[in-house]
Amino acid sequence: MDAATAADALAALAPSWSAAMVLLSYLGYLAAAGAVLPGKLVAGAVLPDSSRLHYRCNGLLSLLLLLGLSALGVYMGWMTPTVVADLGLELLSTTFIFSVIVSFLLYFTGLRSRHQSSSLKPHVSGSFIEDWWLGVQLNPHFMGVDLKFFFVRAGMMGWLLINLSLFAKSYLAGSANRSVILYQFFCAWYIIDYFVHEEFMTSTWDIIAERLGFMLVFGDLVFIPFTFTIQGWWLLKNKVELPLLACVANCVTFIIGYIVFRGANKQKHLFKNNPKALIWGKPPKVVGGKLLISGYWGIARHCNYLGDLLLALSFSLPCGASSAIPYFYPTYLLILLIWRERRDEARCSAKYKDVWAEYCRLVPWRILPYVY
């Protein structure tokens, strides 16, 4: 890379007022839509102080309305369909700066909190790095908005919006081939399905137990939308023609991953809300009255991770095998989920003790049966 190319790359990465306006308009819309649009009110997990937060799950309606408004804006000439992709690196750097600022505000606001509720009580380790990274409060709010739930929603929708903008660029350039369509379809299905089942998010570890710090803010606002779309950027710059057999194999990988991922998460959510709910048509089997060993959860202790990994792989397979770059997401996810699985296992062992040991004896596989 010569000096001129490097200078151009740095210039493209510089934040801009245009990117800031797009970001703030997007977040402002989500805040307003989340507050006024109708949606199912879902009770969250019971917190240590016996309180429960309630979440308005109107993400799907918010997304559909946003897509409709965006389509109207394009039709009326108020915006171009490629506006998000055109801003690209500017939007990335602007969002990163925003996430850093928000993380510091969360840190200092949390330190000053005098609340004793589980959601807002400050958890301070004494280490600035740890508290800033992991967060001080469990469920901080701003003007009535649950920020943790809000940022997850923003990241997932942002992933789809960037992809759609990339697809528009490919279509206008005449390069929207089979690989591009497969990638776009798989990701769109996954994201829309997420919002169809948005209430399942309320029973995940991130919502229940993780405090809100830079790790989650950056992960939701920057990492999800900007790194999960690497395949789309790759296909925009590299033409990949997959043979029909490879497309079929890609579809099979996606379908299996989706069935396992969605099925396992649905079973867990249903069990947490109704411990007597049937699993695969039979009464659930439970260890110690708490740990489910029926359905997918009797196959592996983190079977949902297997489904997630297969889905991640299916997002990258349309890019072919000429480069490792499009496989960043499944590689990262594999490392992340193994680390998270190890951390979860240690916490559960300390929490459930002998019950956890019995559970591990009955369900010996962690993620992939007979392998790991």
Side-chain angles (χ1 to χ4, degrees), residues 40-55 57 118 152 190 193-210 252-314 333-334 336-372:
K40 182 178 180 180
L41 199 61
V42 177
V46 178
L47 300 176
D49 63 356
S50 299
S51 65
R52 299 182 80 169
L53 297 180
H54 289 78
Y55 301 91
C57 294
S118 295
V152 174
Y190 178 86
D193 179 77
Y194 169 89
F195 287 109
V196 170
H197 300 95
E198 189 177 29
E199 66 178 276
F200 292 0
M201 185 64 191
T202 63
S203 59
T204 60
W205 183 262
D206 284 355
I207 295 296
I208 295 172
E210 294 282 15
V252 170
T253 302
F254 174 81
I255 292 170
I256 294 174
Y258 174 76
I259 291 173
V260 174
F261 174 77
R262 178 53 61 213
N265 283 329
K266 184 176 182 179
Q267 287 176 356
K268 179 179 67 174
H269 181 78
L270 292 175
F271 176 73
K272 286 186 175 181
N273 285 277
N274 179 13
K276 295 183 179 180
L278 298 181
I279 302 293
W280 286 348
K282 299 179 181 180
K285 296 179 181 179
V286 181
V287 176
K290 299 178 180 179
L291 302 176
L292 179 66
I293 58 170
S294 290
Y296 290 104
W297 301 95
I299 297 174
R301 302 198 291 273
H302 299 275
C303 207
N304 56 329
Y305 289 178
L306 174 60
D308 213 358
L309 288 168
L310 289 173
L311 286 170
L313 180 62
S314 74
L333 191 64
L334 176 63
L336 172 70
L337 292 182
I338 290 178
W339 170 75
R340 176 170 286 188
E341 172 266 322
R342 292 284 178 168
R343 190 178 63 162
D344 291 351
E345 295 263 330
R347 289 179 175 178
C348 289
S349 179
K351 180 178 180 180
Y352 297 112
K353 298 180 173 61
D354 292 341
V355 173
W356 183 256
E358 176 64 11
Y359 173 60
C360 292
R361 185 186 69 81
L362 294 172
V363 187
W365 304 109
R366 297 170 181 262
I367 298 177
L368 180 60
Y370 304 104
V371 176
Y372 176 74

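The chain is numbered in sequence order, starting from 1.
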Requested in this report: Taking only Lys NZ, Arg NE, NH1 and NH2, and the carboxylate oxygens of Asp or Glu, determine whether Glu345 and Lys351 approach each other closer than 4.0 Å.
Outcome: no
Requested in this report: Report the residues that fulfil salt bridge (Lys or Arg N to Asp or Glu O under 4.0 Å) with Arg342, sequence neighbours left out, ordered by chain and then residue number.
Outcome: none
Query raised in the report: Angle class for the Trp365/Tyr370 ring planes (parallel below 30°, perpendicular above 60°, tilted otherwise)?
Result: tilted
Requested in this report: Report yes or no: do Asn265 and Tyr296 form a side-chain donor-acceptor pair below 3.5 Å?
Outcome: no
Query raised in the report: Quick one: are Val152 and Met201 in side-chain contact, heavy atoms under 4.5 Å?
Result: yes
Requested in this report: Side-chain contact test, heavy atoms from C-beta onward, threshold under 4.5 Å: evaluate it for Arg262 versus Asp193 and give yes or no.
Outcome: yes
Query raised in the report: Does a side-chain N-to-carboxylate-O contact under 4.0 Å join Arg340 and Asp206?
Result: yes
Query raised in the report: Any side-chain heavy atom of Tyr305 within less than 4.5 Å of one from Leu336?
Result: no
Report summary line: Sorted by chain and residue number, the ring pair (Phe, Tyr, Trp, His ring centres under 6.0 Å) partners of His197 (sequence neighbours excluded) come out as Phe200
Report summary line: CD of Glu358 to CD1 of Ile293, rounded to nearest 0.5 Å, is 8.0 Å
Query raised in the report: How many angstroms lie between CG in Leu291 and CZ in Arg301, if you round to the nearest 0.5 Å?
Result: 11.0 Å
**Report entry** Flag, side chain of Trp297 to backbone of Ala264, donor-acceptor distance under 3.5 Å
**Finding:** yes
Requested in this report: Please answer whether the main-chain N or O of Ala350 pairs with a side-chain N or O of Lys353 as donor and acceptor at a distance below 3.5 Å.
Outcome: yes
Requested in this report: Drop me the distance from Tyr372's OH to Leu334's CG, to the nearest 0.5 angstrom.
Outcome: 9.0 Å
Query raised in the report: Do the side chain of Ser314 and the main chain of Thr253 share a donor and acceptor less than 3.5 angstrom apart?
Result: no
Query raised in the report: Rounded to the nearest 0.5 Å, how far does OG1 of Thr202 lie from CD1 of Ile208?
Result: 7.5 Å
Query raised in the report: Should the pair Tyr359 and Trp356 be assigned to parallel (<30°), tilted (30 to 60°) or perpendicular (>60°) ring geometry?
Result: tilted
Report task. Determine yes or no for a side-chain-to-main-chain donor-acceptor pair under 3.5 angstrom, with Arg52 supplying the side chain and Gly44 the backbone. Result -> yes
Report summary line: dist Phe261:CZ -> Lys266:NZ (nearest 0.5 Å) comes out at 13.5 Å
Report task. Please round to the nearest 0.5 Å and tell me the distance separating atom CD1 of Ile367 and atom CG of Leu309. Result -> 6.5 Å
